[in-house]
Amino acid sequence: MVDWATPATFGMKTYKEIGKLLAGLRKKIFGKKTRIAVTGMEGVGKTVLLHALTGEDRKPGYQKPTRSQAKETRTIKAAGRKLLLVAVPGQPANPRAVTLDELFRGSEAVDGVIHVVSAGLATIREPGSVRVLIEDRGIDMIEKFREYQRKGERDDMEETCRAIRDSHRKHHAPQWLLVAVDKVDLYHGKIADEQRLYTPETRSGIPKLLNDLAKHVGTDFFRWSALPVCGRLEDLEWNGQTLHSQINEDMRQAYLADFLTELGAYCQ
Ligand SMILES: Nc1nc2c(ncn2[C@@H]2O[C@H](COP(=O)(O)OP(=O)(O)OP(=O)(O)O)[C@@H](O)[C@H]2O)c(=O)[nH]1
Ligand SMILES: [Mg+2]
């Protein structure tokens with residue numbers, strides 16, 4: 001039976017400790033979840049990354065996802081906080097437009113954004129699209145494929161930047177963006193080159209878009225950084241050429257842990 005006269009924690013803890021306990025409980029019960037949009041173009045690895053962050057990819061019988069047709073929502077914990085991640089489908093169709101509007105032009109702003117890119121290694125799933133690119137547009141080598149996909153990633157980043165500007169006009173949020181440079185298992189051998197492409201001092205490509213955005217909304221109200229990550233170990237094949245996965249499972253887990261740590265720091 002609960003003793004009404006003497007609270008259970010009384011005498012067990014100091015006044016200061018009880019204060020802390022209360023603050024923690026209040027946060028637990030009433031604390032608002034941090035809402036995070038997960039953006040990025042088709043095939044960069046958003047859904048797989050969500051599955052890796054929640055650990056559902058380690059359940060028996062797990063199958064990798066097909067193209068997302070609707071928004072996907074997951075809750076994870078980082079730095080003791082609950083984070084609600086909402087992934088926007090990459091396919092340029094109605095569900096993508098609706099989800100972008102909901103997250104960036106709706107009544108409730110997101111707190112932050114994880115923008116996923118994959119160093120020009122976004123998967124194209126439809127055999128018809130693969131054929132057109134190889135046969136009609138001459139994108140027959142992996143290097144040409146990466147160049148083509150990098151341009152797509154840049155255009156997609158521009159769209160996310162526009163959405164963030166719209167959101168800032170209304171809410172002064174989101175105040176941070178973490179670029180997840182996904183599929184590090186496929187570019188690990190040339191990681192220094194990739195890192196250079198995403199450093200804030202780089203005056204072109206994605207850093208330029210993000211620095212311009214920060215200037216526009218005010219550098220006090222917007223921070224960004226980029227980190228490599230890996231949702232899944234898998235070779236990539238293009239027109240008979242194979243790019244091999246170059247890291248092991250321990251390394252993949254370590255990349256995920258670093259990513260979660262950075263995410264947690266943004267959410268403090
Ligand atoms: N090598 C490697 N492949 C990955 C990684 N993450 C995802 N992939 C591959 O990329 C494909 C696309 O990943 P998804 O997570 O479905 O991509 P998405 O961004 O959700 O794509 P949409 O749902 O179309 O917007 C997967 O089927 C995997 O084959 C990774 O870290 N490394
Ligand atoms: Mg998806």
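Since this is a predicted model, take the numbers as computed values, not measurements. All ligand and atom numbering here is 1-based and tracks the order in the structure. By convention here, the first residue in the shown sequence is residue 1.
Distances between N or O atoms of Leu186 and those of ligand 1 include no value under 3.5 Å. Distances between N or O atoms of Thr47 and those of ligand 1 include at least one value under 3.5 Å. The distance criterion of under 3.5 Å between nitrogen or oxygen atoms is not met by Val184 with respect to ligand 1. Considering backbone and side-chain N/O of Asp185, one or more are found under 3.5 Å from N/O of ligand 1. Looking at ligand 1, you won't find any N or O of Leu49 less than 3.5 Å from one of its N or O atoms.
Ligand-side atoms of ligand 1 in range of Lys64: 27 (O), 29 (O), range being under 4.0 angstrom from any heavy atom.
The one candidate from Glu42, Gln91, Glu159, Gln69 that meets the side chain to side chain donor-acceptor pair (under 3.5 Å) condition with Arg96 is Glu159.
You'll find the ring centres of His168 and Phe221 outside the 6.0 Å limit.
Among protein heavy atoms, the minimum distance from atom 21 (O) of ligand 1 is reached at Gly43 N, 2.9 Å. When hydrogens are left out, the protein atom nearest atom 31 (O) of ligand 1 is Gly231 N, 2.9 Å; that is the closest non-hydrogen contact. In terms of protein heavy atoms, atom 3 (N) of ligand 1 is closest to Lys183 CD, 3.8 Å. With hydrogens left out, the protein atom closest to atom 32 (N) of ligand 1 is Arg232 O, 2.6 Å, a heavy atom. Summary of contacts: the protein heavy atom closest to atom 24 (O) of ligand 1 is Arg125 NH1, 3.0 Å. The nearest protein atom to atom 19 (O) of ligand 1, hydrogens excluded, is given as Lys46 NZ, 2.7 Å; this is a heavy-atom distance. For atom 29 (O) of ligand 1, the closest non-hydrogen atom of the protein is Glu234 OE2, 2.6 Å. Among all non-hydrogen protein atoms, the one lying nearest atom 6 (N) of ligand 1 is Val48 CG1, 3.6 Å.
Salt-bridge formation is detected for the pair Arg67/Glu126: a Lys NZ or Arg NE/NH1/NH2 atom is positioned less than 4.0 Å from an Asp or Glu carboxylate oxygen.
Although no hydrogens or angles enter the test, the distance criterion places a donor-acceptor pair under 3.5 Å between the side chain of Arg252 and the main chain of Gly231.
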